[in-house]
Number of protein chains: 2
Amino acid sequence: MPTTAEFERLLRGADLRVTRPRLAVLDAVHAHPHADTDTIIGVVREDLGAVSHQAVYDVLRALTTAGLLRRIEPPGSVARYEARVGDNHHHVVCRSCGVIADVDCAVGAAPCLSASDHHGFVIDEAEVLYWGLCPDCSSTTTTSTTTSSRKDSRG
Amino acid sequence: MPTTAEFERLLRGADLRVTRPRLAVLDAVHAHPHADTDTIIGVVREDLGAVSHQAVYDVLRALTTAGLLRRIEPPGSVARYEARVGDNHHHVVCRSCGVIADVDCAVGAAPCLSASDHHGFVIDEAEVLYWGLCPDCSSTTTTSTTTSSRKDSRG
DNA sequence: CCGTTTTCTTGAATGAGTCAAGTTCAGCCA
DNA sequence: TGGCTGAACTTGACTCATTCAAGAAAACGG
């Protein structure tokens, strides 16, 4: 968990003014990875008192644009934010409870980009989203009867 | 492009009643892969005349649940639907114009699932979304000066 | 410390998608 | 072929994440 001074440095390094809402948002996202906007608003308000939701939306956008935060948006979920940036890691989403965890790409360098020119597209990024069951939910489910494995799920 | 009779067979095979809105939606999605709901509503209305948006939403949900359609939801876009189901292929999205194309996974069997048990999650599906520029947009862009390749984009 | 520009506040608006109550119609059965 | 029943469609209101806009406050260079 970085210190406030480090957050301040991050902001200045990105040519962003240092404000209390921005520090609080950075703090909140670091403390609660994959939190949605509403949760972040809550945490920020615990920290600072009254802060408009618009301010938090603005800050999240500014920090995301500056590359200090990363926005993820799993289908069926509202936008979520995390502070781990720059490595383009991936995510697992639990189908049951919706919890999200980080996943490093286990395969070599750029496996999912192997055929880098599909249909004439120039591809610069591959985003992988894994779906499954988290440890809690899978233990509740699989210990009963069937492990219903959905359709063909090739990568 | 399947015939109406084939769409009817598809619906009956899925234990769904055959209705004009459902046939029209199937037709529309087959004719316009990756179309959003609003576009589909428009196409269906060209075909049938007045149809409520609610009906189209209901039909899209029913057909998706039945596995006759697949819903995709790229970040920053509304929901889109396609009729190619059962093979879990992937998609490329153009950062510039937003056009979407299908991508078969070029690598072996289930590459993105290679480490199938991250953080104790039981993973059953890997969804890959490629970002880049479509042929049209990349020719307009790259012929000028720099091919600004975004940050580290490992798969 | 002052002025400029960015950021924050306030309050309204947007728009995809959902909910709910009532009507219509597909498909089963006589 | 005609009626029955539940599913599907219509209508209209509603939700809720997110954005827009105008004015007030605050950051920071000079």
Side-chain angles (χ1 to χ4, degrees), chain A residues 4-5 7-26 28-29 34-45 47-66 68-69 71-81 98, chain B residues 4-5 7-26 28-29 34-45 47-66 68-69 71-81 98:
Chain A
T4 303
F7 288 142
E8 203 175 316
R9 227 174 296 135
L10 274 176
L11 287 170
R12 294 198 195 282
D15 271 319
L16 292 171
R17 290 191 181 176
V18 178
T19 68
R20 285 163 63 59
R22 286 183 176 170
L23 292 171
V25 166
L26 273 177
V29 176
H34 313 133
D36 58 33
T37 309
D38 210 55
T39 303
I40 295 167
I41 291 173
V43 174
V44 166
R45 284 184 177 155
D47 187 0
L48 299 186
V51 179
S52 68
H53 72 137
Q54 187 60 53
V56 176
Y57 273 99
D58 285 348
V59 168
L60 286 171
R61 166 140 19 151
L63 300 187
T64 303
T65 304
L68 301 189
L69 295 181
R71 175 189 174 117
I72 59 181
E73 217 172 315
S77 163
V78 297
R80 292 163 180 281
Y81 294 86
Chain B
T4 304
F7 288 143
E8 203 175 317
R9 227 174 296 133
L10 274 175
L11 287 169
R12 294 195 196 283
D15 271 320
L16 292 171
R17 291 193 181 175
V18 178
T19 68
R20 286 163 62 60
R22 286 182 175 171
L23 291 172
V25 165
L26 273 177
V29 176
H34 314 132
D36 58 34
T37 308
D38 211 55
T39 303
I40 295 168
I41 291 174
V43 174
V44 166
R45 285 184 178 156
D47 187 1
L48 298 186
V51 179
S52 67
H53 72 136
Q54 187 61 53
V56 176
Y57 274 101
D58 285 349
V59 168
L60 287 171
R61 164 140 19 150
L63 299 188
T64 303
T65 304
L68 301 190
L69 295 182
R71 175 188 174 118
I72 59 181
E73 218 173 313
S77 164
V78 297
R80 293 163 179 280
Y81 294 85

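Any value given below was found using the heavy atoms of this structure, including those in side chains, with hydrogens, waters and symmetry copies removed.
Mapping heavy-atom proximity under 4.0 Å, the span of DNA chain C touched by chain B runs 5' to 3' from C/dA16 to C/dG27.
In this structure, CZ on A/R71 lies 12.0 Å from CZ on A/R80, to the nearest 0.5 angstrom. The structure places OG1 of A/T4 at 11.0 Å from CZ of A/R9, a figure rounded to the nearest 0.5 Å. The line from OG1 of B/T37 to CG of B/L60 is 5.5 Å long, rounded to the nearest 0.5 Å.
Considering only heavy atoms from C-beta on, A/L69 comes within 4.5 Å of A/L26 through its side chain.
Atom CG in A/D58 sits about 15 Å away from atom P in D/dA22, given to the nearest Å.
For the pair B/E73 and A/G76, the tightest heavy-atom approach, listed with the atom from each and the gap, is OE2-N, 3.6 Å. Annotation for A/Y81 and A/I40: closest pair CD1-CD1, 4.0 Å, computed over non-hydrogen atoms. Minimum interatomic distance between B/V44 and B/A28 (heavy atoms only, all atoms of both residues): CG2-CB, 4.2 Å.
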For this session: Sugar-phosphate atoms are those with a prime plus P, OP1 and OP2; base atoms are the rest. Using that split, label each nucleotide of nucleotides 23-30 of chain D B, S or - for protein heavy atoms under 4.0 Å, 5' to 3'.
Result: ----BS--
For this session: Sugar-phosphate atoms are those with a prime plus P, OP1 and OP2; base atoms are the rest. Using that split, label each nucleotide of nucleotides 15-21 of chain D B, S or - for protein heavy atoms under 4.0 Å, 5' to 3'.
Result: --SBBBB
Going by atom type alone, with no hydrogens or angles, which donor-acceptor pairs under 3.5 Å involve a side-chain atom of residues 11-25 of chain B and a protein atom two or more places apart or on another chain?
residue: B/R12; atom: NH2; partner: B/E8; partner atom: OE2; Å: 2.9
residue: B/T19; atom: OG1; partner: B/R22; partner atom: N; Å: 3.3
residue: B/R22; atom: NH1; partner: B/R17; partner atom: O; Å: 3.0

Under 3.5 Å, sequence neighbours excluded: what are the donor-acceptor pairs made by side chains of residues 51-59 of chain A?
residue: A/S52; atom: OG; partner: A/A55; partner atom: N; Å: 3.1
residue: A/Q54; atom: NE2; partner: A/D58; partner atom: OD1; Å: 3.0

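Relative to the axis of its first five pairs, the axis of the last five pairs of the helix from C/dC1-D/dG30 to C/dA30-D/dT1 sits at 30°, rounded to 10 degrees.
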